[in-house]
Every structure is written in C-alpha cells, then in structure tokens.
Amino acid sequence: MAGNGLPTLGRVKLIDLIPSEGLPSDSYKLSVSTLSQSLAQYSAAIIQLPASDGALLRSCLESSRLYFHQKPSYPSADIIHPDDFREWCKTSGYHLGLLPAEPNNEIEIPPAGLVDIFSLLGKACRDILDAIGFYLNLRSSPFSEILDNVPLRNREISSSVLSVFCHGRPSFQGAQHHNLTTQEDGELVMFSDHEHQVDRSLITLVKSDRAGLHVRDFHGHWVLVDGDLGPQEAIIYPGLALYQATAGYISPAMHRIDISNLQGTIYGRCSLAFKLMPKSMTSLNCSEMRAAGHGVEAQFQLPVSVDDFMQRSTDQLLNRNNFATFNFPTAQDGSVKPVMRKKRNNSSCKPLPPSKRLRLEAQRVLKERVQDIADKKGIKLRFCTLKECESHVHSLDSPCANIRMEIGWPPGVPFVHPHDLPNKAKIGFLETYEPGWSATNDME
C-alpha cells in the first residue's frame, strides 16, 4: 500500500455513513474515504455503533455466554455448520422462541435479543454497503436488486444470517476444535480448525466478547483487528459476494480466529456475526460497475446465479492464481500454511505476463492515488470510451478536459479506465502518479 495509507485499521461512526438528501456532507465523504481505505489496506474496518445499539449488543453477548455455558456438551455433529456454503439456504435468518434440545427433548431458550440484533445489524450492513457504492461512484442503493425486501413480504424467508457461536469453551473444546498451531514472532499461536476462512456474504459484521479475530492485510500480514474495540464498536469486512458484484474491486477478507488466549476461561470466546447475503433466485453481475465506467475483467463478464455462486469452490470464485498473487501477497512472517506456500512457489515459477502485471498495477494506482485525489476534490470519475476519447485528448473544451486537468491526468493519455488503456499508455499513467515506477518494475 502507498505510504499515504492508514497507519491502523480505519474507525468510522455508523451515523456518519447514513446518507441524506442533497450533496454529501464533509463528515460523510471523510467517513466513506476512511472506510474505503481501510478495506483496501486491511480488508476490514471498525464501525462505531450508537450507544443504545452498543448496549443491546453487550446484553445479547452476555446472554449468549450464559446460553453456551449451561449446555453440557458440544452439539451433535449433524447440525449444519453456518459456514457450510453447500447448505447455505438451510441456515438463513434466525430461529426464535423455544427450541427442542437433544437428546432428551427439553425446552431450550435461545439467547435474548436476537430479533432486535438481527434488525439492527442488517440495517447497519446496508448503510455500509451503500457507502461502498458511493465510493465506487455507483448509483444510490446499487445492490438493492440482490438484497431481501425490507420488510420481508408474506412467506418470504430472510437470506441473511445471524450466527451466535462460541470458541474454546472448556466443556467441549476438545470436541469442537481440531486445533492447529503455528509459530509467530516467537510465540505459539493456536487457531480453530476453520482456518483461513473467506465468507460468501456481501458484508459481515461481527462483535465478540474477547479479542482474537485476525484478518490478512494488503501486504499478506495477519493483523489482529479486534484487539482494542470499545463497547460500542464492531468489525466489518467484505465477502466473496461483494467481490463478485464489484468485479473484484472490493477484495474479500481472509480471516481466522486465535484461540490461544482462552486458557483458564470458563466461557470461551462468544461472538455475534451478521452476514448480509444476496437473496436466492437472483444473479450477481457487474452491470452497475460498467454503468459507472469501471473496467470489468473477463472472469466477471457473465452473470452468476446466487445459487450457483454458493455451490462453487472458493478457488473457482477467486480465480485463485490471480487472487493469491495480487490481492493477498504471501506473508513474510512464515505463518502461511503449506498449501499457500505451494501457491507462492507456483506463482514464482510462472510470473504473470507483462500485460497482466500492467493491468493489475494500473488498477492499484487508480484505487490508491487517482481515486484519493478525486475524493478530496469532490470529483466523480466517469471515464470515456477509448474510441470517443481519441479526439478528446487533443481538445481543450472536450467533456473530460476539466476532470483531466483537475486530477492531473497524463497529457496525451485517453481518459478511459486504466484497465482499458493500451500498454504504452498504462505505463504513462503509472509514471504520472508514481514517478519512477518503470525504474522499479522490470517489464521485460
């Protein structure tokens, strides 16, 4: 990431991300900028909820802690895991009221406040999603067609999921976890068996009663993201569905949970996680991105039905060779699992072709440099097509002349999305916004 990036995870007040009529306020633009930079660097951000919402979260977490504490053992293995994407439609929404418990059919009361929490976090995730759309210069509520109705219509079932879960509780720790250990910075760190997860949600919002959530940042390092959260704060991170819907512009978070600090606790680590999911019977496509002038690579050109999307492997969805080498560079701390080391070795034996490297570098500089300049000046980037802009670059009164001058666009380079520029023009674009780029990048 560029040197002008955020030094730590971005912190944003939810109330500042709620849109209003008319021109965006300075606080809204600043919050959207902080959110987008944090997602670009750390694949996560800290959201500060209103005081009343924070109190409800803490109350529900306390209720969840007691709920798990009174359970005698880990539930039976035939319960569907909430992250099992093959059974995604069976875990939608939440269960209310009195639930039968195995094995003696006693009545079991779920944690308190789930209905209110579901509504609260769902609204928060939608506001965050709209803020991301604003950052990408998309129209208002660009993802409404793939989201559930608000409120749900008669007999509709929510696609989104509210999960309550517990890691490392002593009474079932051995049954729940086949623990994996790794050496990091001289310390033995232990992670749950679901390591290196990538959610299939649009947005995930999670609040825990103990720190331990690690997310892999832009440089490939694992960062503890919930180590200094206040009582009203929660973590949000994007998932694979948003990655698909934005043509790869918003990278999904790769995350894992450290359970090595739970020794001596009787409650374990309790968490609430809301996953804003796309609804079934719809498709993930990049029409909104095209309408905003963004380049769309071949792997995102065709719409993907949500049902089909949920059945595909993570490697298929990420186009793994491209994703692992650009969005998630290999970590330098030796903490990567062997499968990732193998992927790193393969990529080093087969480097990306120059045209592909140029395209990825151009996308990076657009996000890190050009978009930042445009945001500060309140400019919306609406690119021309290559054909129509061939004459624009030689005219002072062309439709894009003022924008090119305001953001310092390189002279003679058409004002089109860098993804669509010829290779020679891409190099000129990169040299303009990162002087000396060619000297540090051998394109032979």
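If you're wondering where the values come from, they're calculated on a predicted model, not measured in any experiment. Because only heavy atoms are used, hydrogens play no part in the values below, and waters and symmetry mates are left out as well, while side chains stay in.
Looking at residues two or more places apart in sequence or on another chain, you find a ring pair (Phe, Tyr, Trp, His ring centres under 6.0 Å) between Phe274 and Phe118. For Tyr135, there are no ring pair (Phe, Tyr, Trp, His ring centres under 6.0 Å) partners two or more places apart in sequence or in a different chain. Partners of Asp130 according to the side-chain hydrogen bond (donor to acceptor under 3.5 Å, both in side chains) rule, which considers only residues two or more places apart in sequence or in another chain, do not exist here. Applying the side chain to side chain contact (heavy atoms under 4.5 Å, CB included) rule to Asn149 yields the partners Arg153, Glu156; only residues at least two apart in sequence or on another chain are considered.
One finds no salt bridge joining Lys426 and Asp420 here, because no Lys/Arg side-chain nitrogen approaches an Asp/Glu carboxylate oxygen to under 4.0 Å. With respect to Asp209 and Arg65, a salt bridge is recorded, a charged nitrogen being found less than 4.0 Å from a carboxylate O.
Here ring pair (Phe, Tyr, Trp, His ring centres under 6.0 Å) pairs that include residues 13-62, with residues two or more places apart or in two chains, are Tyr28-Phe134.
Taking the six-membered ring for Trp and thresholds of 30 and 60 degrees, Trp409 and Phe415 have ring planes more than 60 degrees apart, a perpendicular arrangement.
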Would you please test Ser27 and Ser25 for side chain to side chain donor-acceptor pair (under 3.5 Å) and show each step?
CA-CA 5 Å; Ser27 61; Ser25 65; 3.1 Å; yes
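What you find for Val416 and Cys384 is that their closest heavy atoms are CG1-O, 3.2 Å.
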For residues 44-59, dump all side-chain donor-acceptor pairs below 3.5 Å to protein atoms at least two apart in sequence or in another chain.
{"residue": "Gln48", "atom": "NE2", "partner": "Glu233", "partner atom": "OE2", "Å": "3.4"}
{"residue": "Arg58", "atom": "NH1", "partner": "Gly54", "partner atom": "O", "Å": "3.3"}
{"residue": "Arg58", "atom": "NH1", "partner": "Pro231", "partner atom": "O", "Å": "3.4"}

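The main-chain N or O of Gly212 is found under 3.5 Å from a side-chain atom of Asp226 such that the two form a donor-acceptor pair. With hydrogens and angles disregarded, a donor-acceptor distance shorter than 3.5 Å links the side chain of Asp217 to the backbone of His219. Listed for the Ser158 side chain is a donor-acceptor partner under 3.5 Å among the backbone atoms of Ser160.
When each of Phe309, Tyr249, Phe300, Tyr237 is paired with Tyr243, the ring pair (Phe, Tyr, Trp, His ring centres under 6.0 Å) condition holds for Phe300 and for no other.
Contact annotation: the side chain of Gln232 never approaches that of Lys207 to less than 4.5 Å [non-hydrogen atoms, C-beta and beyond]. The shortest distance between side-chain heavy atoms of Glu297 and Gln363 falls below 4.5 Å.
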